[in-house]
Each structure stands twice: as structure tokens, then as C-alpha cells.
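Bear in mind the structure is a predicted one, so any value in this text is a computation, not a measurement. Lettering of chains follows the sequences in order, A, B, ..., and the numbering in each one begins at 1.
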2 protein chains.
Amino acid sequence: MTSDTIVGMARWQPDARGRLEAAALELFRERGFEQTTVTDIAARAGLDKRTFYRLFGDKREALFSGGKLLEEVVIKAVAETEATPFETVIAAFRRVADEIFAGRLDMVRVRQSVIEANPELQERELRKMGSLAAAVAAALRDKGVGETTATLATESGITVFRVAFARWVAAGNDASLTDLIIEVAAELRAVTSAPEPHSDLGQS
Amino acid sequence: MTSDTIVGMARWQPDARGRLEAAALELFRERGFEQTTVTDIAARAGLDKRTFYRLFGDKREALFSGGKLLEEVVIKAVAETEATPFETVIAAFRRVADEIFAGRLDMVRVRQSVIEANPELQERELRKMGSLAAAVAAALRDKGVGETTATLATESGITVFRVAFARWVAAGNDASLTDLIIEVAAELRAVTSAPEPHSDLGQS
DNA sequence: ACGGTGATGTCACAAGATGACATCGTCCTC
DNA sequence: GAGGACGATGTCATCTTGTGACATCACCGT
């Protein structure tokens, strides 16, 4: 411990990773994803193209670094919660809402607008969701939940989260993400409940 | 209409598109997706790389051309079915099962094994599912179903289809896809039904 | 100082993807 | 049935993505 910095991290440029992420987000917003070259991103961050590829798998990945943390939080929450499989997943996502997204609406909106403008980025987002789903389902199985039930509870829970998230991000909304998740979960239960003759309970 | 052929299609080589798809599937199976170059595919089909790109958006797309037909069938089925939103979606996918997938288990298995071996292809599959979901939800809204309900019914329906499909493709299974969809739908209802006995709904 | 270590820069290159332009069958018209 | 329009295809050039190989350079402990 000679004195100052924690070894093993940034050396020349402080927080190369963070700078690249910031540069990427900026450029994607300014010119769009396709019009931004990896070399551009690296240049704005004062680094080389090659360094970018050492830190990120590909160009899109610069926007999806938070996914790892999110997955960790969800998995932990699933492991610690005692309830119905579906309820467990919902509870886990509520924890994510509180611990990760609370108070970051503005940042989330910017990110989301960039993603929505590019099919390639949407594709990557879907993939992240997919791997998240796999991880959650695995966590449920570790608790003794059956294969199919684990998958169905997970997918349903993610659907709820997705819809609640979209509603949260939408303009003119002051409800918290946590509360929205509860609301949407209730709606999902209504939608999938018993076949019903044909009463057509007018949704709108 | 001078006489024989339907104009506007293949000229030099008959059914260039189909030949490229076949060549792509073959090569992906033989050497894998990454190890196959677009030039290889075109060569095996007796065409040029540039022609491939005129017919398909990118390399992956050669495997996902059936998606369009599938979407059409689902949309039509949704429009023609009278039932609960969720039931409607389930019915629509059952029709897809009968009209498109019935009797093609072997082909589906080959395709699926190729996709499962490659993250990039999985990504594309997810995207196809996403656009399918959007189309189904839109079809539901056209029938007067509310925004949220439409989305939840659609996503739930797709989840059911996905699980049933996976079960169908899995080895050692002789049940029809249609029947599997019904089974899984029932399981989903069970999983998402009421919060259960000992009230632990205190999370807020 | 000195060498080791790890992060970064430089160079080279295969493959993906696309625009511009040349070709060449096929069909239409006279 | 010759000639031109048209559309599908081939050719060429170019940019970008992504990666391997190797040189550098700062920082570390000794």
C-alpha cells in the first residue's frame, strides 16, 4: 500500500470503461447508433478503438453494462423471498425497482429513447432479458420449484415488469415503479384467470 | 400475359431465394454459423454475395423467412376469434400449430438446433417474437381490447406458446403442439392465480 | 535503476454490409 | 424479329465491425 490508488483498475486514463460508456451514449444521442463508429466513441473518450473492444464485446454492449448488476440483485432477491413462485418473482423485481431504478427516471428515459430508435439495440435488450429470465428461472428451480412452473412464473413476472417499466417511462407519470408493478401484476391475474363463458368484461 | 411464366420472379436461377435459404441452412449445420461466410452461401447457391444481400437484410435473415407467414396466420386468427383476449391469443397460436408446424417436427428440430448453437441467431429469434407480439397486440386492440390488457394477454400467450414449443421440440415427445399449448395454458393459469393462503402480501 | 506486469496503441486483415455501375436475359412494341 | 426498356444479377470499390499479433508505456516491487 504505497499510498493512493486501488490497484488492478484504471491506470492511464481514470475509469476508461465509464468514459467510453458516456461517450457512446452521447454520440448515439447526437447522431444515432448506426452513424456512430466505434472509432468515434473511442476518440471522444481519448482512447483507441482496440481498447473499446477489450472492454466491450461489441458496439451495442456499451449501452448495456448495467445488466449485470440488475441480474445479481434479482437473483439475490429471489433466493431470499418466501412466497409463491410468481409472487417471488414479482417481489424480486420490486426490489430491483427500489434499489436500481428509483430516482433515475431521467437517465432511464434518455437510454430508452436511444434504444427505441434502433432495432439492433432492441435486439440486444431482448437478449439481456432472455438471459435474465434464464437466471431467474434457475434461481427458482434452486428453491425446488418445478421446471415448467419456474419458467412460467419467470416469464409472467418479466412481462409484468416490462409493462410496468414502459408505463413508468412514459411521459406524465408520477407513480413509482414499485407501485406500478403491483398494479400490473393484478391486471395480469385478471387477464389470465379462468376461461369464462364470454362475459367480455369490457377492458379499456 | 403472353403465356407461360409468372413474371417478376426468378430469372436466371429458378427460386434464388429458396436456394439461398437451403444453402444457408446446410452450411450452418455443417460448419456452424460463424464459420460460414455469406460468400460461401451464395457460392453454393450458384449466385453472388451481392445477390444474397439484395434478398436478405443480413446473414441471419436467411434462417427467418418463415416468420412473415406465421405472423399473417396469427393475425388472421386473432381477428376471426371471439373470446377472452387471452383465450383468443391461445386459439390463434393453436391455429398456427395446426397450419404451419403440424407434421414438420423434423425440419423444426434441425432449424432449432442451429439457432440454439448461436447467440446471434437467438437474438434474431427474440426480435421476431417481439415484432410478432407487437402485431398480435395491435390486432387485439383493433378488436376493442384495452392497451394494457392487449399487451398482457399477448405476452402471456406467447409465453405459453414458447414453453409448449420447447416441450414439443424436445426429444421423446409424441403429443401434438396444439395439445401441448392447451396443457401449458392451464399451467400458466395455475401459476398466476391468487396470492395464496398465508397472507404475506405486506410488501409495500 | 531494473525488470515484470498489465493496460494501451499500432498494424494488419477477414468478413459483413452497401453504393455505384456494368451486364445480360426477358418482355414489349413497332 | 430487331431494338429498346426493365429488372435481376454480377463486378468493383469502400466502409465498418471485430480480432490477432506485436510493440509500448506506465506503474509496481525489489
Side-chain angles (χ1 to χ4, degrees), chain A residues 1-24 27-28 30-65 118-121 123-124 127, chain B residues 1-24 27-28 30-65 114 118-124 127:
Chain A
M1 14 302 245
T2 29
S3 52
D4 50 311
T5 55
I6 304 167
V7 266
M9 284 301 300
R11 198 93 57 153
W12 284 254
Q13 300 286 6
D15 191 20
R17 194 176 177 101
R19 304 236 316 292
L20 283 168
E21 284 172 15
L27 288 167
F28 292 168
E30 292 172 16
R31 337 175 180 165
F33 177 76
E34 311 250 18
Q35 282 57 49
T36 302
T37 192
V38 173
T39 307
D40 295 336
I41 301 173
R44 174 162 307 197
L47 296 166
D48 189 83
K49 167 194 173 191
R50 201 63 185 80
T51 298
F52 179 95
Y53 281 113
R54 284 196 187 96
L55 295 173
F56 303 96
D58 61 54
K59 197 169 87 175
R60 311 173 217 165
E61 206 57 21
L63 263 194
F64 294 89
S65 50
N118 295 89
E120 284 192 61
L121 291 173
E123 218 165 289
R124 175 53 54 86
R127 169 154 139 193
Chain B
M1 23 296 250
T2 30
S3 53
D4 51 315
T5 56
I6 303 168
V7 268
M9 283 302 298
R11 199 91 58 157
W12 311 125
Q13 302 287 6
D15 190 21
R17 191 173 180 105
R19 304 238 314 295
L20 283 168
E21 285 172 14
L27 289 167
F28 291 168
E30 292 173 15
R31 334 175 181 167
F33 178 76
E34 311 250 22
Q35 281 60 47
T36 302
T37 192
V38 174
T39 307
D40 294 337
I41 301 173
R44 175 163 304 199
L47 296 166
D48 189 84
K49 167 192 175 192
R50 200 64 184 79
T51 298
F52 179 95
Y53 281 111
R54 275 194 270 257
L55 295 173
F56 303 94
D58 60 54
K59 197 168 84 174
R60 309 173 221 166
E61 207 57 22
L63 263 194
F64 294 89
S65 50
V114 170
N118 204 274
E120 283 191 62
L121 291 173
Q122 295 170 37
E123 219 165 290
R124 175 54 54 85
R127 168 154 139 194

Give a yes/no on whether any side-chain N or O of B:Thr37 is located under 4.0 angstrom from OP1 or OP2 of C:dG16.
yes

Rounded to whole Å, CD of A:Gln35 lies from C1' of D:dT17 at a distance of 15 Å

Calculate the interatomic distance between B:Phe52 atom CZ and C:dA17 atom P; express it in whole Å.
8 Å

Sequence neighbours excluded, the answer for side-chain contact (heavy atoms from CB on, under 4.5 Å) partners of B:Glu34 is B:Asn118, B:Glu120

Here the distance between atom P of C:dG6 and atom CG of A:Leu55, to the nearest Å, is 16 Å

According to side-chain contact (heavy atoms from CB on, under 4.5 Å), who are the partners of A:Gln35, at least two apart in sequence or on a separate chain?
A:Arg31

Between B:Lys49 and B:Thr37 (side chain of the first, backbone of the second, donor and acceptor by atom type, cut-off under 3.5 Å), is there such a pair?
no

Could you check how far NZ of B:Lys59 sits from C1' of C:dA17, rounded to whole Å?
12 Å

Could you write out each protein N or O paired with an N or O of nucleotides 19-22 of chain D at a distance under 3.5 Å?
{"residue": "D:dG20", "atom": "N7", "partner": "A:Arg50", "partner atom": "NE", "Å": "3.3"}
{"residue": "D:dG20", "atom": "N7", "partner": "A:Arg50", "partner atom": "NH2", "Å": "2.8"}
{"residue": "D:dG20", "atom": "O6", "partner": "A:Arg50", "partner atom": "NE", "Å": "3.0"}

Below 4.0 angstrom from OP1 or OP2 of C:dG9, is there any side-chain N or O of A:Thr51?
yes

Residues forming a ring-ring contact (aromatic ring centres under 6.0 Å, His included) with A:Tyr53, sequence neighbours excluded
none

For B:Phe33, the ring-ring contact (aromatic ring centres under 6.0 Å, His included) test, sequence neighbours excluded, returns B:Phe28

Separation of C:dA15 atom C1' from B:Ile41 atom CD1, nearest Å, is 12 Å

Between CG of A:Asp15 and P of C:dT8 the distance, given in whole Å, is 10 Å

Starting at atom CG of A:Leu47, determine the distance to atom C1' of C:dT10, rounded to an integer number of angstrom.
15 Å

Once salt bridge (Lys or Arg N to Asp or Glu O under 4.0 Å) is applied, do any residues pair with A:Asp48, and if so which ones, sequence neighbours excluded?
none

Could you state the atom-to-atom distance from CG of B:Asp48 to C1' of D:dA13 in whole Å?
14 Å

